[in-house]
Q: 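Have a look at this one before I ask anything.
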Amino acid sequence: MPVTRNSLEESICRQSVELLNTHLAASIDLKGQVKHAHWNIEGPAFFGLHTLLDLVASVVDAFTDQLAERVRVLGGAAEGTIQSATSRSFLLPYPKQVDDEAKHVFVICGALATFGESVRGAAARAAQIGDAGTADLFVEILRNIDQQLWLVGSHSPPKA
Ligand SMILES: [Fe+2]
């Protein structure tokens, strides 16, 4: 990796870059899944969900940019192509047969929850290795993903 003026040890930067690139890939995948639902959703709550999903995609897109730029801050190469996102993302593929709005909400909530869980682990890992800046970014992302999950999930709350 190229040397930067950042005083973090290179070994810490390398580990953080790995964490960041993994979540960069997943965030690109997540945005695509949210837009897929935004485009294909149908049903009585169409307009609200269609509009909300576009807002969620914007939030995710902002994180994609922050993850990629944090990689560069630490001297790494941001792996931001669709091809690398496809091969690195840990999200489940979007099911092909989704034909009503409740199923789209279920799938998107699953993707947001999976992404959030991994981000929570990444925040803890970054703090553990001594990269407070990366940990802070992951915590910020986590808080926002939790909120998006609440906003989308409120359309189809889990049954007790
Ligand atoms: Fe649109």
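When a ligand or atom number is given, it counts from 1 through the structure's own listing order. No hydrogens, no waters, no symmetry mates; every other heavy atom, side chains included, goes into these values.
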Q: Could you go through residues 31-49 and list every donor-acceptor pair under 3.5 Å that involves a side-chain atom there, pairing it with any protein atom two or more places apart or in another chain?
A:
from  : atom 1 : to    : atom 2 : distance (Å)
Gln33 : NE2    : Asp29 : OD1    : 3.2
Gln33 : NE2    : Leu92 : O      : 3.0
Lys35 : NZ     : Asp54 : OD1    : 2.6
His36 : ND1    : Asn40 : ND2    : 3.4
His38 : ND1    : His50 : O      : 2.7
His38 : ND1    : His50 : ND1    : 3.3
Asn40 : ND2    : His36 : O      : 2.9

Q: Taking the Fe ion (ligand 1) as the centre, how many protein N/O/S atoms fall inside a distance shorter than 2.8 Å?
A: 1
Q: Salt bridge between Asp65 and Arg70, side-chain N to carboxylate O under 4.0 Å?
A: no
Q: Test ring pair (Phe, Tyr, Trp, His ring centres under 6.0 Å) on His23 and Phe63; report intermediate values, then the result.
A: CA-CA 9 Å; His23 291 85; Phe63 293 147; over 10 Å; no
Q: Do Ile145 and Val119 come within less than 4.5 Å of each other through their side chains, counting heavy atoms only?
A: no
Q: Give the ring-plane orientation class for Tyr94 versus His104, where under 30° counts as parallel, over 60° as perpendicular and anything between as tilted.
A: tilted
Q: Salt bridge or not between Arg14 and Glu9? Use side-chain N to carboxylate O under 4.0 Å.
A: no
